[in-house]
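Atom set for the values below is all heavy atoms of this structure, side chains included, hydrogens, waters and symmetry mates excluded.
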Amino acid sequence: VGSVEYQKDNKSAAVIELPYTTDIVEGAIKDFMAKKGIKETRAKGFQTYKGAMLNSYDSEVADLYFKVERKGRRDKDISMVYLLVGRANENVAVRNGGDNYKMEEAKSFLNELTPAIAAHDLDVSIAQQSDLVQKAEKKLKNLRDDQSDYEKKIRNFQDKLAQNQKEQESQVVELNKLRASLDAMQARKKL
């Protein structure tokens with residue numbers, strides 16, 4: 001049991017420390033609750049879920065207030081999760097700070113939530129890795145396309161080079177004919 005500040009007053013809350021970033025934890029909580037059919041609302045820095053049950057054998061609904069914070073400046077990959085449980089439609093801001101309503105159920109709920117957070121973290125990691133793989137595949141395809149283009153250019157240049165060599169050979173023959181003709185004319189002049 002710990003406490004969390006809610007509207008400038010400390011309230012009793014169940015607390016758990018988890019080895020995940022706040023984004024992962026908040027996303028996992030949102031997904032977990034959405035699967036139970038409960039939509040998130042945000043209020044005063046809390047993820048709020050109205051009309052939730054803490055466990056399957058619970059007979060009454062409660063309002064759940066989650067606050068996820070980084071453990072410390074240096075601990076960006078460690079989150080502290082606070083769960084404040086309110087009676088249905090209770091204004092928890094006016095509640096006595098020592099009110100431990102459903103605290104044991106809240107602790108159990110956080111412990112049951114942990115595997116869902118781990119699964120969400122894995123899903124996020126898989127999605128990120130999949131994106132990296134797709135980017136790498138696209139880059140490889142582009143490099144292969146570039147190689148094909150370069151090979152075409154090389155073939156074109158080789159063809160042009162071969163054509164140029166044939167033209168040089170023709171030009172040498174032509175030049176030799178013209179020189180021979182010039183030499184013959186100059187030889188006649190000397191006579």
>> So which atom in Tyr82 and which in Glu69 form the shortest heavy-atom distance, rounded to 0.1 Å?
In response: CE1-OE1, 3.5 Å
> In Å and rounded to the nearest 0.5 Å, what is the OG1 to CE distance from Thr22 to Met80?
Replying inline: 13.0 Å
> Applying side chain to side chain donor-acceptor pair (under 3.5 Å), which residue pairs with at least one partner in residues 146-156 are found, sequence neighbours left out?
Replying inline: Gln147-Glu151
> Say you draw a straight line from CD1 of Ile16 to CG of Leu113; how long is it, rounded to the nearest 0.5 Å?
Replying inline: 8.0 Å
> Looking only at heavy atoms, what is the nearest atom pair of Tyr49 and Lys39, with distance?
Replying inline: CD2-O, 3.6 Å
>> Are Leu84 and Lys67 packed together at the side-chain level, in the sense that at least one heavy-atom pair is separated by less than 4.5 angstrom?
In response: no
> CD of Glu5 to NZ of Lys44: how many Å apart, nearest 0.5 Å?
Replying inline: 13.0 Å
> Side-chain donor-acceptor pair under 3.5 Å between Gln168 and Asn164, yes or no?
Replying inline: yes
>> Hydrogens and angles aside, do Glu167 and Gln171 bring a side-chain donor and acceptor to less than 3.5 Å of each other?
In response: no
> Once you round to the nearest 0.5 Å, how far does CD of Gln186 lie from CZ of Arg179?
Replying inline: 11.5 Å
> Which atoms form the tightest heavy-atom contact between Leu54 and Ala106, and what is the distance?
Replying inline: CD1-N, 4.2 Å
> Is there a salt bridge (Lys or Arg N to Asp or Glu O under 4.0 Å) between Lys107 and Glu104 once you walk through the steps?
Replying inline: CA-CA 5 Å; Lys107 285 191 229 173; Glu104 291 306 311; 3.1 Å; yes
> Does the side chain of Ile29 come within less than 4.5 Å of Val81's, by heavy atoms?
Replying inline: yes
> Side-chain heavy atoms under 4.5 angstrom apart, residues restricted to Ile, Leu, Val, Met, Phe, Trp, Tyr: same cluster for Met33 and Val61?
Replying inline: no
> Any donor and acceptor pair, going by atom type alone, linking the side chain of Asp63 with main-chain N or O of Gly51 inside 3.5 Å?
Replying inline: yes
> Lys50 and Ile38: which non-hydrogen atoms are nearest, and at how many Å?
Replying inline: O-CG2, 3.7 Å
>> To the closest 0.5 Å, what do you measure between CZ (Phe46) and OG1 (Thr41)?
In response: 12.0 Å
>> Assigning hydrophobic clusters by single linkage (Ile, Leu, Val, Met, Phe, Trp, Tyr; side-chain heavy-atom cutoff under 4.5 Å), is Ile78 placed with Val15?
In response: no
>> If you count heavy atoms of other groups shown closer than 6.0 angstrom to CZ of Arg188, is the number above 12?
In response: no
> Of all heavy-atom pairs between Lys102 and Val85, which one has the smallest distance, and what is that distance?
Replying inline: CB-CG1, 4.0 Å
> Is Val124 reachable from Ile117 through a run of I, L, V, M, F, W or Y residues, each pair having side-chain heavy atoms under 4.5 Å apart?
Replying inline: yes
For residues 125-132, dump all side-chain donor-acceptor pairs below 3.5 Å to protein atoms at least two apart in sequence or in another chain.
residue : atom : partner : partner atom : Å
Ser125  : OG   : Asp121  : O            : 3.0

> In terms of hydrophobic clustering (I, L, V, M, F, W, Y; side-chain heavy atoms under 4.5 Å; direct or indirect links), are Phe109 and Met53 co-clustered?
Replying inline: no
> Which heavy-atom pair separates Lys76 from Arg70 by the least distance, and what is that distance?
Replying inline: CA-CD, 3.2 Å
> Between Phe66 and Leu110, is any pair of side-chain heavy atoms under 4.5 Å apart?
Replying inline: yes
Which atom pairs, donor and acceptor, lie under 3.5 Å between side-chain atoms of residues 136-144 and protein residues at least two apart or in another chain?
residue : atom : partner : partner atom : Å
Lys141  : NZ   : Asp145  : OD2          : 2.9
Asn142  : ND2  : Lys138  : O            : 3.4

> For Lys71, does its backbone N or O pair with a side-chain atom of Glu17 as donor and acceptor, under 3.5 Å?
Replying inline: no
>> What's the separation between atom NZ in Lys30 and atom NE2 in His120, rounded to the nearest 0.5 Å?
In response: 10.0 Å
